[in-house]
Amino acid sequence: MRYLIPVHDEAVTTPLPQFKLLTMSDILEIHPIQRRVDADVSVPGSKSYTNRALLIAALANGRSRLSGALESDDTRYMADALSALGVRIRIESEGTFIVDGAGGRIPVSNAKLFIGNSGTTARFLTGYASLGYGEYTLDGDPRMRERPIQDLIDGLRPLGVHARSLAGNGCPPVVVNGTGLEGGRTVMPGNRSSQYLSALLIVAPYARKDVQIQVAGNLVSRPYIDMTIHIMRDFGVNVDTRGPDVFHVNAGQRYTPAEYPIEPDASNASYFFAAAAITGGRIKVRNLSPGSAQGDVGFVEVLGRMGCAVSNRPDGIEVRGPERLSGIDVDLNAMPDVVQTLCALAPFATGPVTVRNIANLRIKETDRIAAVAAELTKLGIRAVAGPDSVTVYPSTRIRPAEIDTYEDHRMAMSMALIGLKTPGIAIRNPGCVDKSFPSYFQCLDKLRG
(Lines give C-alpha, C1' and ligand atoms only; values in the text may rest on other atoms or scores of the structure.)
Protein backbone atom coordinates (compact mmCIF):
# COMPACT_ATOMS: atom_id res chain seq x y z
CA MET A 1 0.00 0.00 0.00
CA ARG A 2 1.30 3.46 -0.87
CA TYR A 3 0.79 6.59 1.22
CA LEU A 4 1.30 9.91 -0.54
CA ILE A 5 2.47 12.91 1.43
CA PRO A 6 0.64 16.22 1.04
CA VAL A 7 2.94 19.08 0.10
CA HIS A 8 0.63 22.07 0.59
CA ASP A 9 -1.71 23.07 3.38
CA GLU A 10 -4.47 25.65 3.20
CA ALA A 11 -2.21 28.43 4.46
CA VAL A 12 0.06 28.10 1.46
CA THR A 13 -2.75 28.91 -0.96
CA THR A 14 -4.01 31.92 1.02
CA PRO A 15 -3.04 35.29 -0.54
CA LEU A 16 -0.50 37.16 1.57
CA PRO A 17 -1.23 40.67 2.85
CA GLN A 18 2.27 42.10 2.25
CA PHE A 19 3.69 39.79 -0.41
CA LYS A 20 1.88 40.63 -3.63
CA LEU A 21 1.28 37.64 -5.90
CA LEU A 22 1.47 38.35 -9.61
CA THR A 23 0.61 36.25 -12.67
CA MET A 24 -0.73 32.97 -11.35
CA SER A 25 1.70 32.81 -8.40
CA ASP A 26 4.72 32.87 -10.74
CA ILE A 27 6.10 36.10 -9.23
CA LEU A 28 6.02 37.23 -5.61
CA GLU A 29 6.74 40.87 -4.82
CA ILE A 30 8.43 41.50 -1.47
CA HIS A 31 7.61 44.71 0.40
CA PRO A 32 10.15 46.25 2.80
CA ILE A 33 9.59 46.09 6.54
CA GLN A 34 9.54 49.63 7.88
CA ARG A 35 10.84 48.78 11.34
CA ARG A 36 13.25 46.55 13.23
CA VAL A 37 11.85 43.04 13.41
CA ASP A 38 11.10 41.69 16.89
CA ALA A 39 9.76 38.15 16.99
CA ASP A 40 10.01 34.60 18.27
CA VAL A 41 9.90 32.17 15.33
CA SER A 42 9.32 28.45 14.93
CA VAL A 43 10.72 26.78 11.81
CA PRO A 44 9.78 23.31 10.52
CA GLY A 45 11.83 20.22 11.22
CA SER A 46 15.21 19.64 9.66
CA LYS A 47 15.12 18.29 6.10
CA SER A 48 18.47 16.58 6.65
CA TYR A 49 17.28 14.91 9.87
CA THR A 50 13.91 13.95 8.38
CA ASN A 51 15.28 12.19 5.29
CA ARG A 52 17.96 10.37 7.25
CA ALA A 53 15.48 9.30 9.91
CA LEU A 54 12.94 8.13 7.30
CA LEU A 55 15.49 5.80 5.70
CA ILE A 56 16.91 4.53 8.99
CA ALA A 57 13.40 3.89 10.34
CA ALA A 58 12.64 1.99 7.10
CA LEU A 59 15.70 -0.20 7.78
CA ALA A 60 14.67 -0.94 11.38
CA ASN A 61 12.55 -3.98 12.18
CA GLY A 62 9.34 -2.52 13.56
CA ARG A 63 7.39 0.71 13.93
CA SER A 64 9.02 4.12 14.44
CA ARG A 65 7.29 7.45 15.01
CA LEU A 66 9.08 10.56 13.72
CA SER A 67 7.63 13.70 15.30
CA GLY A 68 8.29 17.30 14.32
CA ALA A 69 9.35 16.07 10.87
CA LEU A 70 9.41 18.21 7.76
CA GLU A 71 6.68 17.78 5.16
CA SER A 72 8.05 19.15 1.90
CA ASP A 73 8.87 18.11 -1.65
CA ASP A 74 12.17 16.49 -0.68
CA THR A 75 10.73 14.45 2.18
CA ARG A 76 7.77 13.51 -0.01
CA TYR A 77 10.14 12.12 -2.65
CA MET A 78 11.92 10.09 0.01
CA ALA A 79 8.73 8.74 1.58
CA ASP A 80 7.10 8.01 -1.78
CA ALA A 81 10.18 6.15 -3.00
CA LEU A 82 10.38 4.08 0.19
CA SER A 83 6.67 3.31 -0.20
CA ALA A 84 7.28 2.18 -3.79
CA LEU A 85 9.97 -0.13 -2.43
CA GLY A 86 7.42 -1.76 -0.13
CA VAL A 87 7.96 0.13 3.14
CA ARG A 88 4.72 1.21 4.81
CA ILE A 89 4.76 4.94 5.67
CA ARG A 90 1.89 7.16 6.69
CA ILE A 91 1.29 10.56 8.27
CA GLU A 92 -0.35 10.25 11.68
CA SER A 93 -0.71 14.02 12.16
CA GLU A 94 1.03 17.16 10.95
CA GLY A 95 4.77 16.57 11.10
CA THR A 96 4.45 13.00 12.42
CA PHE A 97 5.44 10.04 10.24
CA ILE A 98 4.74 6.43 11.15
CA VAL A 99 7.24 4.08 9.51
CA ASP A 100 6.90 0.30 9.63
CA GLY A 101 10.47 -0.78 8.96
CA ALA A 102 11.26 -3.84 6.86
CA GLY A 103 14.27 -4.99 8.88
CA GLY A 104 16.95 -4.22 6.30
CA ARG A 105 15.05 -5.87 3.45
CA ILE A 106 13.58 -4.31 0.32
CA PRO A 107 10.17 -5.99 -0.03
CA VAL A 108 9.92 -5.54 -3.81
CA SER A 109 12.28 -6.88 -6.46
CA ASN A 110 11.72 -4.26 -9.13
CA ALA A 111 11.01 -0.54 -8.93
CA LYS A 112 11.37 2.63 -10.96
CA LEU A 113 11.72 5.61 -8.63
CA PHE A 114 11.30 9.28 -9.52
CA ILE A 115 13.09 11.52 -7.03
CA GLY A 116 12.74 14.99 -8.58
CA ASN A 117 15.77 17.09 -7.67
CA SER A 118 16.22 15.66 -4.19
CA GLY A 119 19.91 14.99 -3.75
CA THR A 120 19.58 13.18 -0.43
CA THR A 121 16.90 10.88 -1.86
CA ALA A 122 18.99 10.06 -4.95
CA ARG A 123 22.17 9.29 -3.03
CA PHE A 124 20.64 7.57 0.00
CA LEU A 125 18.32 5.33 -2.01
CA THR A 126 21.10 4.30 -4.38
CA GLY A 127 22.80 2.93 -1.27
CA TYR A 128 19.57 1.42 0.03
CA ALA A 129 18.88 -0.35 -3.29
CA SER A 130 22.13 -2.29 -2.82
CA LEU A 131 20.41 -4.29 -0.05
CA GLY A 132 17.70 -5.56 -2.37
CA TYR A 133 17.48 -8.48 -4.76
CA GLY A 134 16.34 -7.21 -8.13
CA GLU A 135 16.58 -4.19 -10.40
CA TYR A 136 15.97 -0.66 -9.12
CA THR A 137 16.09 2.49 -11.27
CA LEU A 138 16.36 6.01 -9.84
CA ASP A 139 15.64 9.00 -12.05
CA GLY A 140 14.86 12.65 -11.51
CA ASP A 141 14.14 15.96 -13.19
CA PRO A 142 16.46 17.56 -15.78
CA ARG A 143 18.70 19.17 -13.15
CA MET A 144 19.08 15.87 -11.27
CA ARG A 145 20.29 14.32 -14.52
CA GLU A 146 23.17 16.82 -14.39
CA ARG A 147 24.16 16.16 -10.76
CA PRO A 148 27.06 13.71 -10.36
CA ILE A 149 26.66 10.41 -8.52
CA GLN A 150 29.56 8.45 -10.02
CA ASP A 151 31.67 8.69 -6.84
CA LEU A 152 28.95 6.79 -4.98
CA ILE A 153 28.62 4.18 -7.74
CA ASP A 154 32.39 3.66 -7.69
CA GLY A 155 32.38 3.43 -3.90
CA LEU A 156 29.67 0.75 -3.93
CA ARG A 157 31.40 -1.55 -6.44
CA PRO A 158 34.17 -2.85 -4.09
CA LEU A 159 31.35 -3.69 -1.63
CA GLY A 160 29.81 -6.08 -4.18
CA VAL A 161 27.21 -3.76 -5.73
CA HIS A 162 26.37 -3.70 -9.43
CA ALA A 163 25.29 -0.13 -10.27
CA ARG A 164 25.70 2.11 -13.28
CA SER A 165 24.71 5.44 -14.76
CA LEU A 166 22.38 4.71 -17.67
CA ALA A 167 23.55 7.76 -19.61
CA GLY A 168 27.18 6.86 -19.01
CA ASN A 169 27.94 10.39 -17.75
CA GLY A 170 28.08 9.60 -14.03
CA CYS A 171 24.67 11.17 -13.38
CA PRO A 172 21.15 9.73 -12.97
CA PRO A 173 19.31 7.73 -14.14
CA VAL A 174 21.04 5.10 -12.02
CA VAL A 175 20.31 1.37 -12.21
CA VAL A 176 21.18 -0.88 -9.28
CA ASN A 177 21.07 -4.64 -9.81
CA GLY A 178 20.85 -5.71 -6.21
CA THR A 179 22.21 -8.98 -4.84
CA GLY A 180 22.60 -7.85 -1.26
CA LEU A 181 25.51 -5.85 0.14
CA GLU A 182 28.66 -7.95 0.52
CA GLY A 183 30.75 -5.45 2.48
CA GLY A 184 34.51 -5.05 2.71
CA ARG A 185 36.73 -2.03 2.11
CA THR A 186 36.21 0.85 -0.27
CA VAL A 187 37.69 4.26 -1.03
CA MET A 188 35.54 7.30 -1.76
CA PRO A 189 36.51 10.86 -2.76
CA GLY A 190 35.21 13.40 -0.29
CA ASN A 191 35.47 16.61 -2.29
CA ARG A 192 32.08 16.60 -4.07
CA SER A 193 29.38 15.67 -1.58
CA SER A 194 29.23 14.27 1.94
CA GLN A 195 25.96 12.54 0.98
CA TYR A 196 27.86 9.76 -0.81
CA LEU A 197 29.58 8.79 2.42
CA SER A 198 26.34 9.12 4.42
CA ALA A 199 24.61 6.80 1.93
CA LEU A 200 27.21 4.08 2.52
CA LEU A 201 27.29 4.51 6.29
CA ILE A 202 23.51 4.21 6.69
CA VAL A 203 23.24 0.83 4.90
CA ALA A 204 26.59 -0.60 6.05
CA PRO A 205 25.22 -2.45 9.14
CA TYR A 206 23.24 -4.74 6.82
CA ALA A 207 26.25 -5.90 4.79
CA ARG A 208 27.33 -9.53 5.06
CA LYS A 209 30.67 -8.46 6.48
CA ASP A 210 32.17 -5.34 8.04
CA VAL A 211 32.38 -2.18 5.94
CA GLN A 212 35.37 0.14 6.06
CA ILE A 213 35.34 3.40 4.09
CA GLN A 214 38.47 5.42 3.41
CA VAL A 215 37.84 9.01 2.36
CA ALA A 216 40.34 10.30 -0.18
CA GLY A 217 41.09 14.00 -0.17
CA ASN A 218 39.18 16.75 1.59
CA LEU A 219 35.79 15.78 3.04
CA VAL A 220 33.30 18.59 2.37
CA SER A 221 30.42 19.40 4.71
CA ARG A 222 31.83 17.26 7.53
CA PRO A 223 29.06 18.26 9.99
CA TYR A 224 26.57 16.33 7.83
CA ILE A 225 28.61 13.15 8.37
CA ASP A 226 28.57 13.80 12.11
CA MET A 227 24.80 14.23 11.85
CA THR A 228 24.44 10.90 10.04
CA ILE A 229 26.54 9.11 12.68
CA HIS A 230 24.53 10.80 15.44
CA ILE A 231 21.18 9.63 14.02
CA MET A 232 22.52 6.11 13.41
CA ARG A 233 23.58 5.96 17.05
CA ASP A 234 20.15 7.20 18.18
CA PHE A 235 18.66 4.17 16.39
CA GLY A 236 21.18 1.76 17.92
CA VAL A 237 24.06 1.48 15.41
CA ASN A 238 27.63 2.62 16.09
CA VAL A 239 30.24 3.86 13.63
CA ASP A 240 33.90 3.48 14.54
CA THR A 241 35.81 6.54 13.31
CA ARG A 242 39.40 5.38 12.92
CA GLY A 243 40.95 8.75 12.38
CA PRO A 244 39.40 11.70 10.54
CA ASP A 245 39.16 9.89 7.20
CA VAL A 246 38.39 6.23 8.00
CA PHE A 247 34.95 4.96 9.00
CA HIS A 248 34.30 1.36 10.10
CA VAL A 249 30.87 -0.22 10.59
CA ASN A 250 30.59 -3.69 12.10
CA ALA A 251 28.24 -6.04 10.27
CA GLY A 252 25.37 -7.57 12.18
CA GLN A 253 24.26 -4.37 13.89
CA ARG A 254 20.57 -3.53 13.48
CA TYR A 255 18.57 -0.34 13.82
CA THR A 256 16.02 -0.35 16.65
CA PRO A 257 12.60 1.26 16.07
CA ALA A 258 12.25 4.51 17.98
CA GLU A 259 10.06 7.40 19.00
CA TYR A 260 12.19 10.06 17.37
CA PRO A 261 11.76 13.84 17.57
CA ILE A 262 13.16 15.90 14.68
CA GLU A 263 14.78 19.18 15.66
CA PRO A 264 14.16 22.48 13.80
CA ASP A 265 16.02 23.07 10.55
CA ALA A 266 19.11 25.19 11.19
CA SER A 267 19.51 26.04 7.48
CA ASN A 268 15.99 27.48 7.38
CA ALA A 269 16.55 29.25 10.70
CA SER A 270 19.39 31.17 9.02
CA TYR A 271 16.94 33.30 7.02
CA PHE A 272 15.27 34.58 10.16
CA PHE A 273 18.56 35.25 11.95
CA ALA A 274 19.54 37.16 8.80
CA ALA A 275 16.29 39.15 8.96
CA ALA A 276 17.29 40.33 12.45
CA ALA A 277 20.75 41.20 11.18
CA ILE A 278 19.53 43.09 8.11
CA THR A 279 16.93 45.19 9.98
CA GLY A 280 18.87 45.71 13.22
CA GLY A 281 16.11 43.82 15.04
CA ARG A 282 15.68 40.73 17.24
CA ILE A 283 14.75 37.17 16.30
CA LYS A 284 14.66 34.08 18.49
CA VAL A 285 14.27 30.72 16.78
CA ARG A 286 12.52 28.44 19.23
CA ASN A 287 13.81 24.99 20.20
CA LEU A 288 17.08 25.29 18.26
CA SER A 289 20.12 24.36 20.32
CA PRO A 290 23.74 25.50 19.84
CA GLY A 291 24.67 21.87 20.55
CA SER A 292 22.80 20.64 17.46
CA ALA A 293 24.59 18.23 15.13
CA GLN A 294 23.46 20.48 12.26
CA GLY A 295 26.50 22.38 11.08
CA ASP A 296 24.42 25.35 9.95
CA VAL A 297 23.69 26.27 13.55
CA GLY A 298 27.18 27.80 13.35
CA PHE A 299 25.78 30.55 11.11
CA VAL A 300 25.05 32.59 14.23
CA GLU A 301 28.79 32.62 15.00
CA VAL A 302 29.38 34.17 11.57
CA LEU A 303 26.74 36.80 12.36
CA GLY A 304 28.49 37.42 15.67
CA ARG A 305 31.71 38.23 13.80
CA MET A 306 29.72 40.68 11.67
CA GLY A 307 28.52 42.59 14.75
CA CYS A 308 25.33 40.78 15.81
CA ALA A 309 24.66 39.89 19.43
CA VAL A 310 23.98 36.14 19.81
CA SER A 311 22.38 34.66 22.93
CA ASN A 312 21.71 31.01 23.72
CA ARG A 313 18.37 30.90 25.55
CA PRO A 314 16.81 27.90 27.32
CA ASP A 315 14.13 27.77 24.62
CA GLY A 316 16.16 28.70 21.54
CA ILE A 317 18.83 30.91 19.98
CA GLU A 318 18.41 34.69 19.76
CA VAL A 319 20.13 37.13 17.39
CA ARG A 320 20.07 40.93 17.64
CA GLY A 321 21.25 42.92 14.66
CA PRO A 322 23.69 45.86 14.91
CA GLU A 323 23.31 49.35 13.51
CA ARG A 324 25.55 48.28 10.63
CA LEU A 325 26.99 44.90 9.70
CA SER A 326 30.73 44.45 9.24
CA GLY A 327 32.30 42.75 6.25
CA ILE A 328 33.86 39.31 6.67
CA ASP A 329 36.12 36.78 4.96
CA VAL A 330 34.97 33.29 5.90
CA ASP A 331 35.39 29.62 4.96
CA LEU A 332 31.91 28.06 4.75
CA ASN A 333 32.88 24.58 3.56
CA ALA A 334 31.18 23.14 6.65
CA MET A 335 28.03 25.25 6.12
CA PRO A 336 27.38 25.42 2.37
CA ASP A 337 23.60 25.86 2.69
CA VAL A 338 23.95 29.29 4.34
CA VAL A 339 26.23 30.78 1.68
CA GLN A 340 23.35 32.43 -0.19
CA THR A 341 21.93 33.76 3.08
CA LEU A 342 25.23 35.45 3.85
CA CYS A 343 25.50 36.84 0.32
CA ALA A 344 22.06 38.45 0.72
CA LEU A 345 23.35 40.29 3.81
CA ALA A 346 26.57 41.41 2.16
CA PRO A 347 25.27 44.51 0.29
CA PHE A 348 24.28 46.02 3.65
CA ALA A 349 27.68 45.52 5.31
CA THR A 350 30.38 48.18 5.72
CA GLY A 351 32.95 46.12 3.81
CA PRO A 352 33.18 43.23 1.35
CA VAL A 353 31.93 39.77 2.25
CA THR A 354 34.03 36.92 0.85
CA VAL A 355 32.97 33.28 1.15
CA ARG A 356 35.60 30.64 0.38
CA ASN A 357 36.02 26.87 -0.08
CA ILE A 358 32.55 26.34 -1.55
CA ALA A 359 33.25 24.62 -4.88
CA ASN A 360 30.66 21.93 -4.13
CA LEU A 361 27.91 24.58 -4.47
CA ARG A 362 28.30 24.25 -8.23
CA ILE A 363 26.63 20.79 -8.19
CA LYS A 364 23.66 21.66 -5.97
CA GLU A 365 20.10 22.36 -7.16
CA THR A 366 21.77 24.88 -9.44
CA ASP A 367 25.28 26.27 -9.75
CA ARG A 368 24.78 28.41 -6.68
CA ILE A 369 28.00 30.39 -7.03
CA ALA A 370 27.09 31.51 -10.55
CA ALA A 371 23.42 32.02 -9.71
CA VAL A 372 23.93 34.24 -6.67
CA ALA A 373 26.50 36.36 -8.51
CA ALA A 374 24.18 36.77 -11.50
CA GLU A 375 21.16 37.83 -9.45
CA LEU A 376 23.09 40.24 -7.24
CA THR A 377 24.60 41.80 -10.38
CA LYS A 378 21.06 42.21 -11.74
CA LEU A 379 20.32 44.31 -8.63
CA GLY A 380 23.32 46.54 -9.31
CA ILE A 381 25.39 44.87 -6.58
CA ARG A 382 28.99 44.02 -7.39
CA ALA A 383 29.56 40.28 -6.98
CA VAL A 384 32.68 38.46 -8.15
CA ALA A 385 32.50 34.68 -8.51
CA GLY A 386 35.59 32.47 -8.42
CA PRO A 387 35.94 28.71 -8.93
CA ASP A 388 35.31 28.05 -5.24
CA SER A 389 34.44 31.46 -3.81
CA VAL A 390 32.31 34.57 -4.14
CA THR A 391 32.88 38.14 -2.99
CA VAL A 392 30.00 40.60 -2.59
CA TYR A 393 30.60 44.33 -2.10
CA PRO A 394 28.53 46.90 -0.18
CA SER A 395 25.93 48.76 -2.18
CA THR A 396 24.14 52.03 -1.47
CA ARG A 397 21.92 51.79 -4.56
CA ILE A 398 20.09 48.54 -5.15
CA ARG A 399 18.00 48.42 -8.31
CA PRO A 400 14.48 46.94 -8.41
CA ALA A 401 14.42 43.63 -10.25
CA GLU A 402 12.72 40.28 -10.63
CA ILE A 403 14.97 37.59 -9.18
CA ASP A 404 15.38 34.30 -11.05
CA THR A 405 15.45 31.35 -8.68
CA TYR A 406 16.72 28.57 -10.99
CA GLU A 407 14.28 26.09 -9.36
CA ASP A 408 16.44 26.47 -6.23
CA HIS A 409 14.63 26.93 -2.93
CA ARG A 410 17.64 28.61 -1.30
CA MET A 411 17.88 31.23 -4.04
CA ALA A 412 14.25 32.20 -3.42
CA MET A 413 14.49 32.30 0.36
CA SER A 414 17.81 34.15 0.55
CA MET A 415 17.18 36.76 -2.15
CA ALA A 416 13.79 37.60 -0.61
CA LEU A 417 15.70 38.97 2.40
CA ILE A 418 17.00 41.84 0.28
CA GLY A 419 13.38 42.84 -0.31
CA LEU A 420 12.92 43.37 3.43
CA LYS A 421 15.13 46.47 3.07
CA THR A 422 14.82 47.42 -0.61
CA PRO A 423 11.62 48.16 -2.58
CA GLY A 424 10.93 46.62 -5.96
CA ILE A 425 12.30 43.13 -5.31
CA ALA A 426 10.19 40.28 -6.73
CA ILE A 427 10.85 36.55 -6.63
CA ARG A 428 10.11 34.44 -9.71
CA ASN A 429 8.74 30.95 -9.11
CA PRO A 430 8.36 31.37 -5.33
CA GLY A 431 6.79 27.90 -5.15
CA CYS A 432 10.25 26.35 -5.39
CA VAL A 433 10.48 26.80 -1.61
CA ASP A 434 8.18 23.76 -1.35
CA LYS A 435 11.35 21.70 -1.61
CA SER A 436 12.27 22.39 2.02
CA PHE A 437 10.01 25.07 3.58
CA PRO A 438 6.51 25.30 2.01
CA SER A 439 5.30 27.97 4.46
CA TYR A 440 8.42 30.15 4.21
CA PHE A 441 6.80 33.29 2.83
CA GLN A 442 3.96 33.07 5.34
CA CYS A 443 6.50 32.84 8.17
CA LEU A 444 8.48 35.76 6.74
CA ASP A 445 5.31 37.83 6.50
CA LYS A 446 4.64 37.29 10.23
CA LEU A 447 7.76 39.29 11.02
CA ARG A 448 5.70 42.37 10.24
CA GLY A 449 3.82 41.85 13.52
Side-chain angles (χ1 to χ4, degrees), residues 1-7 47-48 50-52 54-55 58-59 71-87 89 102 105-157 159 161-179 181 188 192-200 202-203 360 362-368 405-409 429 431-432 434-436:
M1 184 177 295
R2 193 175 184 200
Y3 293 78
L4 298 179
I5 297 178
V7 178
K47 175 169 71 76
S48 299
T50 299
N51 268 355
R52 283 165 173 79
L54 279 168
L55 178 54
L59 285 162
E71 296 180 38
S72 72
D73 280 357
D74 268 20
T75 59
R76 175 175 59 85
Y77 283 125
M78 176 64 84
D80 281 359
L82 289 170
S83 296
L85 291 169
V87 178
I89 299 176
R105 299 179 302 105
I106 296 182
V108 305
S109 60
N110 186 284
K112 293 184 178 181
L113 309 173
F114 182 80
I115 41 77
N117 194 14
S118 175
T120 52
T121 305
R123 283 83 181 250
F124 292 178
L125 291 188
T126 297
Y128 180 51
S130 70
L131 301 180
Y133 291 82
E135 183 172 284
Y136 309 96
T137 303
L138 295 93
D139 197 5
D141 64 15
R143 175 57 181 170
M144 178 55 71
R145 288 187 167 195
E146 299 174 344
R147 299 179 69 179
I149 199 170
Q150 190 64 44
D151 287 349
L152 176 56
I153 292 172
D154 292 343
L156 283 165
R157 283 175 180 159
L159 304 179
V161 179
H162 302 282
R164 69 189 190 280
S165 163
L166 274 180
N169 62 354
C171 300
V174 173
V175 174
V176 179
N177 296 110
T179 57
L181 185 61
M188 173 168 291
R192 283 183 181 264
S193 174
S194 65
Q195 291 174 1
Y196 305 147
L197 176 55
S198 286
L200 290 186
I202 289 171
V203 299
N360 64 318
R362 293 195 179 275
I363 61 169
K364 295 285 189 177
E365 283 81 350
T366 186
D367 179 340
R368 287 178 171 170
T405 53
Y406 307 84
E407 296 289 339
D408 184 348
H409 56 140
N429 186 24
C432 66
D434 286 354
K435 180 177 176 69
S436 66

Query raised in the report: Any side-chain heavy-atom pair from Val87 and Leu54 closer than 4.5 angstrom?
Result: no
Report task. Over all heavy atoms of both residues, which pair between Val108 and Tyr136 is shortest? Give the atoms and the distance, please. Result -> O-OH, 2.8 Å
Query raised in the report: Taking the side chain as C-beta and beyond, is there a heavy-atom pair between Leu55 and Leu125 under 4.5 Å?
Result: yes
Requested in this report: Drop me the distance from Ile115's CD1 to Leu138's CG, to the nearest 0.5 angstrom.
Outcome: 6.5 Å
Report task. Identify the two heavy atoms, one from Arg147 and one from Ile363, that lie closest to each other, and give their separation to 0.1 Å. Result -> NE-O, 3.1 Å
Query raised in the report: Which atom names give the shortest non-hydrogen contact between Val175 and Leu166, and what distance separates them?
Result: CG2-CG, 3.5 Å
Report summary line: Interatomic distance, CG@Leu156 vs CZ@Arg164, rounded to 0.5 Å, equals 14.0 Å
Query - Distance in Å, Leu85 CG paired with Arg105 CZ, rounded so as to fall on 0.5 Å steps - result: 12.0 Å
Query raised in the report: Got a salt bridge between Asp73 and Lys435, using NZ or NE/NH1/NH2 to carboxylate O under 4.0 Å?
Result: no
Query - Point-to-point distance, once rounded to the nearest 0.5 Å, from CG of Asn110 to OG1 of Thr137 - result: 7.0 Å
Query raised in the report: How many angstroms lie between CD1 in Ile149 and CG in Asn169, if you round to the nearest 0.5 Å?
Result: 11.0 Å
Query raised in the report: Quick one: does Tyr406's side chain get under 4.5 Å of Glu365's, heavy atoms only?
Result: no
**Report entry** Heavy-atom check, side chain of Glu407 versus side chain of Asn117, under 4.5 Å
**Finding:** no
Query raised in the report: Under 3.5 Å, is there a donor-acceptor pair linking the side chains of Thr120 and Asn51?
Result: yes
Query raised in the report: Is there a side-chain contact between Leu200 and Leu152, using heavy atoms and a 4.5 Å cut-off?
Result: yes
Report summary line: Heavy-atom nearest pair, Asn360 first then Arg192, reads CB-O, 3.3 Å
**Report entry** Heavy-atom side-chain proximity of Tyr128 to Leu82 below 4.5 angstrom
**Finding:** yes
Requested in this report: Look up atom CE in Met78 and atom OG in Ser72, then write down how far apart they are to the nearest 0.5 Å.
Outcome: 11.0 Å
Query raised in the report: If you take all heavy atoms of Arg123 and Gly119, which pair is closest and at what distance?
Result: CD-O, 2.7 Å
Query - Student check: side-chain heavy atoms of Tyr196 and Pro148 closer than 4.5 Å - result: yes
Requested in this report: Kindly indicate whether the side chain of Leu159, heavy atoms from C-beta on, has any atom under 4.5 Å from the side chain of Arg157.
Outcome: no
Report summary line: Heavy-atom closest pair (Ser130 atom, Val161 atom, distance to 0.1 Å) is CB-CG2, 3.5 Å
Query - Salt bridge flag under 4.0 Å for residues Asp139 and Arg145 - result: yes
